[in-house]
2 protein chains.
Amino acid sequence: MSYRPTAKTRARQKAQHESLLKTAVSIVARDGFCGLTISRLAREAGIATGTVYKYFDSKAHLCAEVFRRATEREVEIVRATSFPEDAVSCRQRLTDAVTIFAERAILGGRLAYALIAEPVDPAVEQERLIYRKAYADIFEQLIKEGIKTKEFPSQSPQVSAAALVGILAEVLVAPLGRNEGIKDHKQLISPIRQFCLRAIALYETA
Amino acid sequence: MSYRPTAKTRARQKAQHESLLKTAVSIVARDGFCGLTISRLAREAGIATGTVYKYFDSKAHLCAEVFRRATEREVEIVRATSFPEDAVSCRQRLTDAVTIFAERAILGGRLAYALIAEPVDPAVEQERLIYRKAYADIFEQLIKEGIKTKEFPSQSPQVSAAALVGILAEVLVAPLGRNEGIKDHKQLISPIRQFCLRAIALYETA
DNA sequence: TAAAGAAGTGAACCATGATTCACATCTATT
DNA sequence: AATAGATGTGAATCATGGTTCACTTCTTTA
């Protein structure tokens with residue numbers, strides 16, 4: 001008979017899926033998850049609402065993918081900072097990781113808020129737990145290494161790692177919840193960094 | 001003419017309001033905010049849905065009051081622990097405050113999760129920010145005092161206080177998000193306490 | 001006990017927004 | 001060109017759950 005999907009078709013499918021995802025992320029970056037509706041996504045993408053369902057099973061799946069996509073890059077950056085090519089002390093790596101996380105969250109604006117703290121439906125929240133877990137895992141590995149090298153005092157790597165995630169989320173979110181941007185980057189990042197270093201590395205700053 | 005609301009009437013009004021609030025809190029304690037609907041509240045209270053609106057302007061107002069109610073006691077306990085009658089060192093008070101917060105959160109179960117982390121609609125989230133701010137304010141005051149007495153090193157009390165709130169929320173929520181209860185209370189509380197003490201008081205534990 | 005107004009009722013209404021589906025249109029094979 | 005199947009359409013449907021309102025019932029005062 002005729003027409004079985006193949007190469008070119010698949011490519012177009014994938015491209016469209018990708019394009020929709022990109023549009024969705026940009027909507028979230030502007031108005032958060034609460035601004036992401038199927039009809040709006042369709043409108044901005046220039047297609048019909050029903051068409052969206054040819055690419056995503058449901059709103060929940062869409063949100064989950066958006067979350068994953070927007071998150072992957074960030075996690076990767078922190079991971080790369082925590083485990084660089086060249087040898088760097090654990091203390092320095094921890095400093096760098098915390099700094100870069102904070103900087104990116106602050107510059108990320110609305111998107112960062114959406115990813116870190118915006119109230120979302122349970123399906124996305126589930127994804128958020130995974131996201132936080134990814135950070136926690138990175139920190140946990142780094143802390144374990146630091147303990148082994150005696151740079152860090154004995155502690156529960158799991159608890160300390162989760163605590164780090166909590167610190168970063170809370171401190172960076174309090175401001176984001178209210179106004180828009182944050183002015184004094186350094187005014188904020190420096191104390192966070194010092195706090196984290198004292199907690200993990202018992203590092204006397206200043 | 002006749003019948004102007006007075007004493008007895010007001011008392012009944014207040015009592016009913018109170019009773020509804022109590023029922024609402026118990027629903028949240030069982031199934032979280034997502035389980036709290038007007039019709040369910042009405043059903044459990046044995047009244048009609050419309051009647052609920054004689055006592056609460058809207059769902060959002062109801063949620064806010066529920067949140068406030070469930071929260072007040074907890075905040076008060078931490079405040080009392082942070083600023084006791086008799087003289088206690090800042091370090092000890094910080095230890096006690098963190099411990100009691102963690103213990104109560106763990107024992108609080110579903111309600112604690114609802115108050116600390118459950119995804120809720122923006123109106124309630126607003127209330128949650130206030131709740132977190134209340135804790136942060138207590139910690140901030142305590143930290144300031146500790147800095148003044150030289151028990152704690154120089155640091156940004158504001159950032160450190162927010163960080164404490166973040167730590168407690170995150171570490172206690174990670175488990176709550178998944179399974180039900182937590183087994184090893186001490187297994188968890190002790191590392192948290194140590195982490196916080198290192199961060200705030202540069203206190204060498206163990 | 002009559003009247004005024006508060007309190008209670010619950011089915012109907014409304015708003016939001018996800019999801020479906022009968023149909024049209026496009027694309028690759030024969 | 002004919003056709004099978006994929007893709008696109010968007011108005012209609014569904015689901016949820018908050019909110020309203022015309023009405024009844026209760027309570028207090030005169």
Side-chain angles (χ1 to χ4, degrees), chain A residues 1-21 23-24 27-28 31-67 118-125, chain B residues 1-21 23-24 27-28 31-67 118-125:
Chain A
M1 284 66 216
S2 56
Y3 191 36
R4 202 103 33 99
T6 170
K8 200 157 123 192
T9 314
R10 295 276 168 78
R12 185 174 308 167
Q13 175 86 5
K14 197 174 157 194
Q16 178 70 309
H17 182 275
E18 186 61 21
S19 160
L20 281 175
L21 205 48
T23 303
I27 289 173
V28 172
D31 297 331
F33 280 101
C34 66
L36 180 61
T37 66
I38 300 293
S39 59
R40 178 168 171 192
L41 172 58
R43 187 159 6 97
E44 294 204 10
I47 60 175
T49 62
T51 307
V52 174
Y53 284 86
K54 289 287 199 286
Y55 297 94
F56 299 93
D57 290 344
S58 70
K59 172 84 181 286
H61 282 79
L62 168 66
C63 285
E65 279 203 54
V66 166
F67 198 97
E118 183 189 348
V120 294
D121 73 277
V124 182
E125 188 65 25
Chain B
M1 285 77 220
S2 56
Y3 191 35
R4 202 104 32 100
T6 169
K8 200 156 125 192
T9 313
R10 295 274 168 78
R12 185 174 307 168
Q13 174 88 6
K14 198 174 157 194
Q16 178 70 309
H17 183 275
E18 186 62 22
S19 160
L20 282 175
L21 205 48
T23 303
I27 289 173
V28 172
D31 297 332
F33 280 101
C34 67
L36 180 61
T37 66
I38 300 292
S39 59
R40 178 168 170 192
L41 171 59
R43 186 159 7 95
E44 294 204 11
I47 61 175
T49 63
T51 306
V52 173
Y53 284 85
K54 289 288 200 290
Y55 296 94
F56 300 94
D57 289 344
S58 70
K59 172 83 182 286
H61 282 79
L62 168 65
C63 285
E65 279 203 53
V66 166
F67 199 97
E118 183 189 347
V120 294
D121 73 277
V124 182
E125 188 65 25

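All values derive from a computational prediction rather than experimental measurement. Every chain is numbered from 1 and lettered A, B, ... according to where its sequence line falls, protein lines coming before strand lines. Because only heavy atoms are used, hydrogens play no part in the values below, and waters and symmetry mates are left out as well, while side chains stay in.
- Between B:Asp57 and B:Lys54, the residue whose closest nucleotide on DNA chain D is further toward the 5' end is B:Asp57.
- Here the P atom of nucleotide C:dT25 and the CD1 atom of A:Ile47 are 18 Å apart, to the nearest Å.
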Taking only N/O atoms, report every protein-nucleotides 12-17 of chain D pair under 3.5 Å with atom names and distance.
none

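- Using a 4.0 Å heavy-atom criterion, one finds that A:Tyr55 contacts the sugar-phosphate atoms exclusively.
- Looking only at distances, no side-chain donor or acceptor of A:Glu65 sits under 3.5 Å from a matching main-chain atom of A:Leu21.
- The number of heavy-atom neighbours closer than 6.0 Å to NE2 of B:His61, taken from other residues, nucleotides and ligands shown, is 12 or below.
- The list of side-chain hydrogen bond (donor to acceptor under 3.5 Å, both in side chains) pairs with a residue in residues 41-54 of chain A, not counting sequence neighbours, reads A:Arg30-A:Glu44, A:Arg40-A:Glu44.
- Between A:Arg12 atom CZ and D:dT7 atom C1' there is a gap of 10 Å when expressed in whole angstrom units.
- Rounded to whole Å, the distance from CG on A:Leu41 to P on C:dG17 is 14 Å.
- The interatomic distance linking B:Leu20 (CG) with C:dG8 (P) rounds to 9 Å, in whole Å.
- Side-chain atoms of B:Ser19 never come within 3.5 Å of backbone atoms of B:Ala15 as a donor-acceptor pair (strictly under, hydrogens ignored).
- Looking at every heavy atom in both residues, A:Gly35 comes nearest to A:Ile27 through O-CG2, 3.5 Å.
- Distances shown here put a side-chain N or O of A:Gln13 below 4.0 Å from the OP1 or OP2 atom of D:dT7.
- Residue B:Thr51 places no side-chain N or O under 4.0 Å from the OP1 or OP2 atom of C:dA7.
- Separating the CZ atom of B:Phe56 from the C1' atom of D:dT20 is a distance of 18 Å, rounded to the nearest angstrom.
- A donor-acceptor pair is defined here as one N or O able to donate and one able to accept, closer than 3.5 Å; such a pair exists between the side chain of A:Glu118 and the backbone of A:Phe33.
- One finds no side-chain N or O of A:Tyr53 lying less than 4.0 angstrom from the OP1 or OP2 phosphate oxygen of C:dC21.
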